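The structure appears below as structure tokens.
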Amino acid sequence: MTDSATPLELLETPEPAAIRDWATEHGILILAHSYQDGFLQEAAHFVGDSLELARVAAAENPKAICFCGVHFMAETAKILCPDAEVFVPDMDAGCSLADGCDAADLARYQEHLTQKLGKRPVTVSYVNCTAAVKAQADIICTSGNARAVVDSIPESDPILFVPDKHLGGWLNETTGRNMTLWDGACEVHELFSIETMLEQKAAHPGCIILAHPECPAAIRNASDFVLGTAGMLKKVKAAKGETFLIATEANMIYRFEKEAPQNSYVPAPGASCACNLCPYMQLNTPEKLWKALHERGPQVTVPQELMAPARQSLERMLAVI
Ligand code: 13P
Ligand code: SF4
């Protein structure tokens with residue numbers, strides 16, 4: 001028996017290319033983060049890292065965007081394309097980094113540091129944060145441009161970096177700054193196991209380890225390169241016949257295998273499982289995407305008073321790189 005309330009075309013989810021064509025016909029741009037599974041990546045018009053997707057949203061300025069990623073990414077698209085309808089397959093697809101930095105707590109901490117330092121620190125926020133935090137930050141960065149953003153701030157200015165202490169720690173190490181760090185972390189990257197990673201390294205002699213800067217210092221220090229997802233893609237595309245051990249969300253490997261099939265890829269394991277998948281990204285499914293496209297919802301909205309200040313922080317980032 002079928003549910004009489006369900007439109008017939010929703011009963012069966014088409015293949016990715018047919019979904020994309022349907023979205024094109026209906027004026028909807030599908031954006032997918034590289035941490036989405038292969039089906040969603042294939043259904044999307046563009047697949048990328050946070051920075052690339054923000055740039056695509058700003059440049060394309062479409063009438064409607066269906067964002068396959070997590071909530072803060074869809075919010076970013078809405079801030080950059082205020083006239084577009086922005087919707088997502090699953091409204092519950094959040095992020096532990098964004099959830100770990102409350103805007104009111106940040107305001108109190110900014111005030112505390114201003115008193116302590118006798119000068120208001122420049123607040124740099126990783127893009128993995130809410131629109132309210134973006135509005136309160138001075139400038140945003142992504143994993144792909146974080147060093148350039150930090151380097152763009154005069155040496156004499158103290159910096160508060162939020163919300164990722166691991167990315168912030170890596171930036172302190174590589175830029176020589178002494179930024180104050182918010183105590184947040186990505187629950188996926190924090191769970192990589194150094195012991196198991198070293199066992200895998202021994203099992204794959206000569207392998208090259210790539211780690212995302214959201215990983216803790218022990219993982220970063222044991223890696224050959226610390227790179228955001230776009231930097232990793234560039235690295236593997238330039239390599240020939242290498243084996244890469246990948247310390248980031250395991251779906252990234254789908255892109256590597258598609259765009260750089262000349263290499264082999266081994267996912268670095270988590271502490272208690274064989275792979276590392278972001279539980280929030282996994283909430284998005286082909287069925288939910290197909291439904292969201294038909295319903296043009298659930299819609300992501302950003303309170304009007306946050307739009308201009310959040311956009312200013314993002315535009316400062318886009319002006320750097
Ligand atoms: P990128 O900035 O590399 O896209 O990563 C985003 C993210 O959520 C990493 O966990
Ligand atoms: Fe957030 Fe981590 Fe998931 Fe990225 S992988 S969206 S930082 S929880």
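Counting convention: from 1, in listed order, for ligands and their atoms alike. Every value quoted in this text rests on a predicted model; they were computed, and no experiment measured them.
- Among the atoms of T142, none of the N or O lies under 3.5 angstrom from an N or O of ligand 1.
- Between Q110 and T123, the side chains place a donor N or O and an acceptor N or O closer than 3.5 Å (distance only, hydrogens not considered).
- By the 4.0 Å N-to-carboxylate-O rule, E295 lies close enough to K291 to be salt-bridged with it.
- Here K237 pairs with E259 in a salt bridge; the nearest charged N to carboxylate O distance falls below 4.0 Å.
- Ligand-side atoms of ligand 1 in range of H33: 1 (P), 4 (O), 5 (O), 6 (C), range being under 4.0 angstrom from any heavy atom.
- Residue-ligand proximity: E214 is placed with a non-hydrogen atom under 4.0 Å from ligand 2.
- Residue S50 has at least one heavy-atom neighbour below 4.0 Å for each of these atoms of ligand 1: 1 (P), 2 (O), 4 (O), 6 (C).
- Those atoms of ligand 2 that come under 4.0 Å of a heavy atom in Y280, given as number and element, are 8 (S).
- Ring geometry for W290 versus W22: interplanar angle over 60°, hence perpendicular rather than tilted (30 to 60°).
- For E249 and Q36, the side-chain atoms include no donor-acceptor pair closer than 3.5 Å.
- Note on ring orientation: taking the six-membered ring where Trp is involved, the planes of F244 and Y265 are parallel (angle under 30°, cut-offs 30° and 60°).
- The nearest N, O or S atom of C278 is closer to atom 3 (Fe) of ligand 2 than 2.8 Å.
- With hydrogens left out, the protein atom closest to atom 5 (O) of ligand 1 is H212 NE2, 3.6 Å, a heavy atom.
- For Y126 and E214, the side-chain atoms include at least one donor-acceptor pair closer than 3.5 Å.
- Using a 4.0 Å cutoff on heavy atoms, E52 does not count as a contact of ligand 1.
- Close contacts of ligand 1 with N128, meaning ligand atoms under 4.0 Å from a residue heavy atom, involve 7 (C), 8 (O).
- Each of the following atoms of ligand 2 lies closer than 4.0 Å to a heavy atom of L97: 7 (S).
- Nearest-residue assignment for atom 1 (P) of ligand 1 (options C278, P213, S143, G144; heavy-atom criterion): S143.
- Ranking the protein heavy atoms by distance from atom 1 (Fe) of ligand 2 puts C95 SG, 2.4 Å first.
- Of all atoms in ligand 1, numbered sequentially from 1 with element shown, those under 4.0 Å from a heavy atom of E214 are 7 (C), 9 (C), 10 (O).
- Every atom of ligand 2 with a heavy atom of S96 under 4.0 Å away is listed here by number and element: 8 (S).
- Of the protein's heavy atoms, C186 SG, 2.3 Å lies nearest to atom 2 (Fe) of ligand 2.
- Taking CZ of F67 as the reference point, atom CG of L31 lies at 5.5 Å (rounded to 0.5 Å).
- Using modelled atom types and a 3.5 Å distance limit, the side chains of H212 and T229 yield no donor-acceptor pair.
- A donor-acceptor contact under 3.5 angstrom links the side chains of T248 and Y35, judged on distance only.
- Using a 4.0 Å cutoff on heavy atoms, H189 counts as a contact of ligand 1.
- At a heavy-atom cutoff of 4.0 Å, ligand 1 is contacted by the side chain of Y126 but not by its backbone.
- Remark: side-chain polar atoms of R311 are paired, donor with acceptor, to backbone N or O of I79 under 3.5 angstrom.
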